[in-house]
Every structure is written in structure tokens, then in C-alpha cells.
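What follows is a short report on a single structure.
What you see is a predicted model; the values in this text were computed from it and never measured.
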Amino acid sequence: MAAGSTIDALGQFELHPVLGQVGETLRFSQSPLFMIIAVVIVLAFLYLGMRPAAVVPGRLQAAAELSYDFIHDMAIDTMGPGGAAFFPFVFALFFFILAGNYLGLIPFSFTFTSHIIVTFSLALLVFAVAIAASLRRQGLKFFAHFMPEGAPLLMAPLIVPIEILSYLSRPVSLSIRLFANMMAGHVLFEVFAGFTIMLGGLGLVGHVLAVAPIAINVALTALELLVGVLQAYVFAILTCIYLREAVVDDHDDDTAHNPVSA
């Protein structure tokens with residue numbers, strides 16, 4: 001709420017220095033602060049979960065083992081046996097994004113995945129790793145992906161630019177998908193919370209009517225819990241798909257001839 005009855009739904013995404021004078025000097029905002037918190041939470045979860053190393057795992061160890069197996073199976077199922085090399089990368093991405101999504105649901109916290117610069121940086125990282133791995137494995141054959149096999153050579157001036165544009169759109173679509181979903185959910189939270197406060201100032205009738213936006217925000221919280229893990233999964237599975245061409249030879253899979261369409 002900005003002033004009076006005005007709802008400032010986008011104010012929650014503004015960056016401000018934290019940690020007092022140190023934050024102002026280093027231009028250290030709440031976004032990198034919560035990134036660090038997310039990394040610490042994930043590392044603590046894995047360390048404390050796997051530390052017992054019990055034959056009959058407890059709840060935390062079982063959760064850590066299940067998380068490991070889930071991402072490992074996803075990488076292998078998507079990329080084949082060669083996907084094991086990229087498993088740590090995909091694992092780190094998934095849990096970093098998941099922790100960021102869920103941290104944002106805590107009151108007075110900050111959702112760094114709702115900033116396009118963060119999601120675009122993650123998408124660019126995936127894009128760069130995919131290109132580097134593809135070039136290392138395939139060499140100059142990598143550029144043959146931009147001219148589908150069997151296409152007439154005369155069509156190359158039209159097909160090649162389209163395929164290149166499609167390939168370059170990967171980090172854009174990957175980043176916007178995550179950013180838009182997280183931002184939209186938190187904007188709705190703010191809007192309905194603003195309605196609750198506005199109705200609460202209308203007396204008894206307003207108090208009764210305020211129950212509706214409160215109920216909607218409760219439902220939105222449940223929805224955001226689902227969206228948070230779903231968006232982390234979508235980002236991870238698309239990362240596996242984009243990395244797949246770096247580990248699958250042309251003779252291993254027919255779709256490897258034109259992975260740009262994935």
C-alpha cells in the first residue's frame with residue numbers, strides 16, 4: 001500500500017540496500033542477500049540430510065535421497081547415460097530456483113526469481129553451457145543443426161536465419177517463463193491484500209467482505225506452492241532438453257538431426 005487507498009503492487013520488487021552502510025557502499029540489495037540465503041538453505045538441507053548415512057534413513061535423509069534420485073533420473077531419462085556429466089549442474093539449478101521461489105512466500109522476504117535479470121542470467125548460463133558442450137563434442141558439426149537434413153540447399157538463406165533465431169530465443173523464453181509466473185503470483189498477493197485492508201476500513205460490512213480476499217490469498221498461497229516447484233521443474237527439464245544435443249550423437253536418436261526444434 002503506497003498511500004490512502006492506492007495499491008502499489010509493483011513496489012515489492014524494488015531493490016534497496018541492506019545491511020546498513022555496508023550495503024549502501026557495496027550496493028548490496030535484498031536480491032543477492034536472498035540468493036545467498038537460498039544457497040545456504042540448500043547446502044544445509046543436503047549436509048544435514050546425508051550426514052547420518054543411515055541404512056534405514058530418517059525423514060530428512062529420505063528427503064535428500066529422494067531429491068537426488070529425482071533429478072538424477074530426470075537427467076538420465078532426458079539425456080541418456082551421458083547426462084550424468086550434467087547432473088550436478090541441473091541439480092544445482094533446480095534447487096536454487098526452488099529455494100528462491102519458496103523463500104518469496106515467507107512474509108517480509110524477497111523473491112529474486114521474480115526479477116528478469118536473475119532468470120535471464122540463469123537462462124544465459126544454461127545457453128552458454130549447452131553451446132560449449134555441443135562444440136566440444138561435435139565440433140563444427142554443431143552448425144549443421146541450423147540446416148535440417150534433407151532440406152533443399154536453395155532454401156538455406158531462408159531456413160538458416162529462422163533456425164538461428166529459434167535457437168537464440170531459448171534463453172529468452174526460458175527466462176520469461178519463470179519470471180512472469182513468479183511475478184504474477186506476487187502481484188496478485190499484493191492486490192488482494194490491499195483489498196483486505198481497504199475493506200477493513202469500511203466498518204462491520206467491510207470486515208465481512210474482507211473475508212473474500214483473505215480466502216483468495218489463502219488459495220493463492222496453495223497455488224504458489226505448486227507453481228514454485230513446477231517452475232523449478234520446467235526450468236530443469238528444459239535445461240536437460242537443451243543440453244541433450246551435447247551428449248546424443250546423430251546416430252543415437254533421429255531427433256538429434258534438428259534439436260533446435262526441441
Side-chain angles (χ1 to χ4, degrees), residues 31-55 57-104 111-113 115 117-139 142 167 170-171 173-175 177-179 181-182 228-249 252-253 255-256 259 262:
S31 183
L33 174 63
F34 277 91
M35 290 184 197
I36 295 173
I37 293 175
V39 171
V40 170
I41 290 175
V42 173
L43 291 177
F45 164 67
L46 294 174
Y47 175 76
L48 296 176
M50 299 308 298
R51 185 180 180 182
V55 177
R59 293 180 180 178
L60 193 58
Q61 182 179 339
E65 292 178 354
L66 181 63
S67 301
Y68 180 98
D69 290 338
F70 174 71
I71 303 300
H72 184 269
D73 291 345
M74 180 176 67
I76 299 301
D77 292 344
T78 307
M79 295 183 278
F86 295 102
F87 159 68
F89 177 64
V90 177
F91 186 91
L93 273 178
F94 175 83
F95 278 97
F96 179 70
I97 294 172
L98 181 65
N101 293 346
Y102 279 174
L103 273 175
T111 312
F112 58 80
T113 50
H115 273 210
I117 187 61
V118 174
T119 60
F120 189 65
S121 296
L122 293 174
L124 275 182
L125 177 61
V126 172
F127 187 65
V129 170
I131 291 179
S134 298
L135 289 173
R136 180 179 180 182
R137 181 179 178 87
Q138 303 171 18
F142 165 74
Y167 192 81
R170 288 180 173 185
S173 61
L174 192 61
S175 59
R177 182 182 292 106
L178 175 59
F179 148 75
N181 277 278
M182 300 314 300
V229 67
L230 182 61
Q231 287 305 312
Y233 172 78
V234 169
F235 199 100
I237 193 68
L238 287 177
T239 297
C240 291
I241 292 174
Y242 295 158
L243 291 171
R244 183 174 183 274
E245 66 195 54
V247 297
V248 177
D249 290 322
D252 291 333
D253 195 306
T255 60

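- Within the 4.5 Å cutoff, the side chain of Tyr167 has heavy atoms near those of the Ile131 side chain.
- Separation of atoms CG (Leu174) and CG (Leu125) is listed at 10.5 Å; rounding is to 0.5 Å.
- Here the closest non-hydrogen pair linking Pro88 and Ala84 is CD-O, 3.8 Å.
- To the nearest 0.5 Å, atoms OG (Ser31) and CD1 (Ile117) are separated by 9.5 Å.
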- Task: Tell me, with the steps shown, if Leu122 and Phe179 meet side chain to side chain contact (heavy atoms under 4.5 Å, CB included).
- Result: CA-CA 11 Å; Leu122 293 174; Phe179 148 75; over 6 Å; no
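- Interatomic distance, CG of Leu238 versus OH of Tyr233, reported as 9.5 Å (0.5 Å rounding).
- The minimum heavy-atom distance linking Gly100 with Ala38 is given by the pair N-CB, 4.4 Å.
- Within the 4.5 Å cutoff, the side chain of Phe87 has no heavy atoms near those of the Ile76 side chain.
- Here the straight-line distance linking atom CD1 of Ile237 with atom CD1 of Ile71 works out to 9.0 Å at 0.5 Å rounding.
- In this structure the side chain of Thr119 never reaches within 4.5 angstrom of the side chain of Met182, judged on heavy atoms.
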Quick one: side chains of residues 57-70, donor-acceptor pairs under 3.5 Å with protein atoms, not counting sequence neighbours, listed by atom name and distance.
residue, atom, partner, partner atom, Å
Gln61, OE1, Ala54, N, 3.1
Gln61, NE2, Ala54, O, 3.0
Gln61, NE2, Glu65, OE2, 2.9
Ser67, OG, Ala63, O, 2.8

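- A 4.5 Å side-chain heavy-atom check between Thr78 and Phe86 finds every atom pair outside the cut-off.
- Residues Thr239 and Phe89 form a side-chain contact, since some pair of their non-hydrogen atoms from C-beta on lies under 4.5 Å apart.
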- Item | Phe112 and Phe96: CA distance, side-chain angles, deciding distance, ring-ring contact (aromatic ring centres under 6.0 Å, His included) verdict | CA-CA 11 Å; Phe112 58 80; Phe96 179 70; 5.1 Å; yes
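- Considering Leu103, Val118, Val40 as possible partners of Met35, the one that fulfils the side-chain contact (heavy atoms from CB on, under 4.5 Å) test is Val118.
- The shortest heavy-atom contact between Leu243 and Ala130 is CD2-CA, 3.6 Å.
- Interatomic distance, Thr113 OG1 to Leu178 CG, rounded to the nearest 0.5 Å: 5.5 Å.
- Between Phe235 and Phe94, every side-chain heavy-atom pair lies at or beyond the 4.5 Å cut-off.
- With values rounded to the nearest 0.5 angstrom, Ile41 atom CD1 is found 9.0 Å from Phe34 atom CZ.
- Between Asp77 and Met74 the shortest side-chain heavy-atom distance does not fall below 4.5 Å.
- Taking 4.5 Å as the limit, every side-chain heavy atom of Val42 sits out of range of all side-chain heavy atoms of Leu98.
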